[in-house]
Amino acid sequence: MTAYPSSKMDSSISQDLIESHEGDDDYYYLKDDGNDESYYIYVINAVLSGTARLNVLLPTATILAFTILAPLLTNDGNCTTFNRWLMGFFLAISAASCIFFAFTDSFRTSTGRLYYGVATFRGIWTFNGGQKKPLIPSDYRLRWTDLFHASLSLIAFLTFAALHIDVVQCYYHELPRRVTNTVPLVVGFVVSFLFVVFPSKRRGIGYPFLLQKDTSYSRR
C-alpha cells in the first residue's frame, strides 16, 4: 500500500470537512421557507394531531362494548322488566367509565417507567397506592377543562346509547326513525369538533404509546 505524508492527509481531511459543512449550510438554507409557512405547518400538524386523538377522547371502547352487549341485554329489543333493569344498570356503569377514563393520566419516572393514575385537586394519584409522584405534581392536578372533556365524552356516549335501535325498541319504540338516525351524527360531529378545538392534555388509560412523547400539547 502507498503511504501518504501526514500533512497531505490532514489537508485532504480538512478539505472534505469544509465541503461537507458547506453542503449542510446549503441544505438548511433551502429548508428555511420563512416564519409564515412554518406557522401554517404547525397549525396543520396541530389539527391533524388533535384529530388523531379523537380515538382516545371519544368513548370508542365503551361504545363498542355497548354495541356488542346491547342486543343480548335487551333481548334484541323485546324487553321484559328484568331486561330494562339490567340494561339500565349497564348504562350506568358505562357512563361512569366514560367519566373515569377522562380523569386518568400518566407520567414517566427518571428510569423511563410509565405510571398511570387519576387526576385529583392535589395532583395525580397513581394506582400503586399513590407512592410514585411526578417531578411537578401541580402539572397533573384536576382542572375545569377535565370536567368539560368528561362531559363531552358522557354526552357522546349517552346520545349513542339512548338512540341505539335495541334501546329504542325496549324503552320508547314510538320514537321517530329520523331522530335515531340524525341526532347521533349531529352530536358526534359537534363533540368531535370541540375535542379538536379544545384538546385534552391528559395521557391516560388507552392513550396510544406512539403519542406519549408528542410535544404538540404541552402541559404548560
Side-chain touch I155/V187, heavy atoms, less than 4.5 angstrom: yes

Cluster overlap L194 with V197, hydrophobic side-chain contacts below 4.5 Å: yes

Minimum side-chain heavy-atom gap F198-L152 below 4.5 Å: no

Heavy-atom closest contact (V191 atom, A156 atom, distance): CG1-CB, 4.2 Å

Cluster check F160, F100: I/L/V/M/F/W/Y, side chain < 4.5 angstrom: yes

Inter- and intrachain pairs under ring pair (Phe, Tyr, Trp, His ring centres under 6.0 Å), touching residues 61-80, at least two apart: F66-F90, F66-F157, F66-H164

Interatomic spacing from OG in S94 to CD1 in I99 - rounded to 0.5 Å: 11.5 Å

Sequence-distant partners of D146, salt bridge (Lys or Arg N to Asp or Glu O under 4.0 Å), two or more places apart: R202

Distance (rounded to the nearest 0.5 Å) between Y140 OH and S106 OG: 7.0 Å

Side-chain heavy-atom pair I68, L64 within 4.5 angstrom cut-off: yes

For the student: nearest non-hydrogen atoms of P199 and V196, plus distance: CD-O, 3.7 Å

Joint hydrophobic cluster, I165 plus I63, side-chain heavy atoms closer than 4.5 Å: no

R177 versus T180, closest heavy-atom pair with distance: O-OG1, 2.7 Å

Side chain proximity check, P134 to I124, heavy atoms < 4.5 angstrom: yes

F148, CZ atom: more than 12 neighbouring heavy atoms under 6.0 Å: yes

Test side chain to side chain contact (heavy atoms under 4.5 Å, CB included) applied to L147 and F103, step by step: CA-CA 8 Å; L147 299 177; F103 294 144; 3.6 Å; yes

Atom pair CG (D166) and CE (M87), whose distance is rounded to the nearest 0.5 Å: 7.0 Å

Donor-acceptor contact below 3.5 Å, side chain T104 vs main chain G117: no

Candidates L73, L69, T80 - the one meeting side chain to side chain contact (heavy atoms under 4.5 Å, CB included) with L86: L73

Side-chain heavy atoms of F121 within contact of R141, under 4.5 Å: no

C98 side, atom SG; L154 side, atom CG - distance, nearest 0.5 Å: 6.5 Å

Path from L91 to F89 over hydrophobic side-chain contacts below 4.5 Å: no

Taking every non-hydrogen atom, the tightest pair across S97 and T62: OG-OG1, 3.5 Å

T126 side chain near Y116 side chain, heavy-atom distance below 4.5 Å: no

same_hphob_cluster(V190, L163) at 4.5 Å side-chain heavy-atom cutoff: yes

Spacing of CG belonging to N83 relative to CG belonging to L72, to within rounding of 0.5 Å: 9.0 Å

Please tabulate, one pair per line, all N/O donor-acceptor pairs under 3.5 Å involving side-chain atoms of residues 167-176, not counting sequence neighbours.
residue: Y171; atom: OH; partner: R84; partner atom: O; Å: 2.6
residue: Y172; atom: OH; partner: A162; partner atom: O; Å: 2.4

Flag, side chain of S153 to backbone of A150, donor-acceptor distance under 3.5 Å: no

Contact check, side chains of F107 and K132, non-hydrogen atoms, under 4.5 Å: yes

Side-chain donor/acceptor of D105 to backbone N/O of V118, under 3.5 Å: no

Heavy-atom check, side chain of V183 versus side chain of T159, under 4.5 Å: yes

Rounded distance [0.5 Å steps], CG in L135 versus OG1 in T109: 9.0 Å

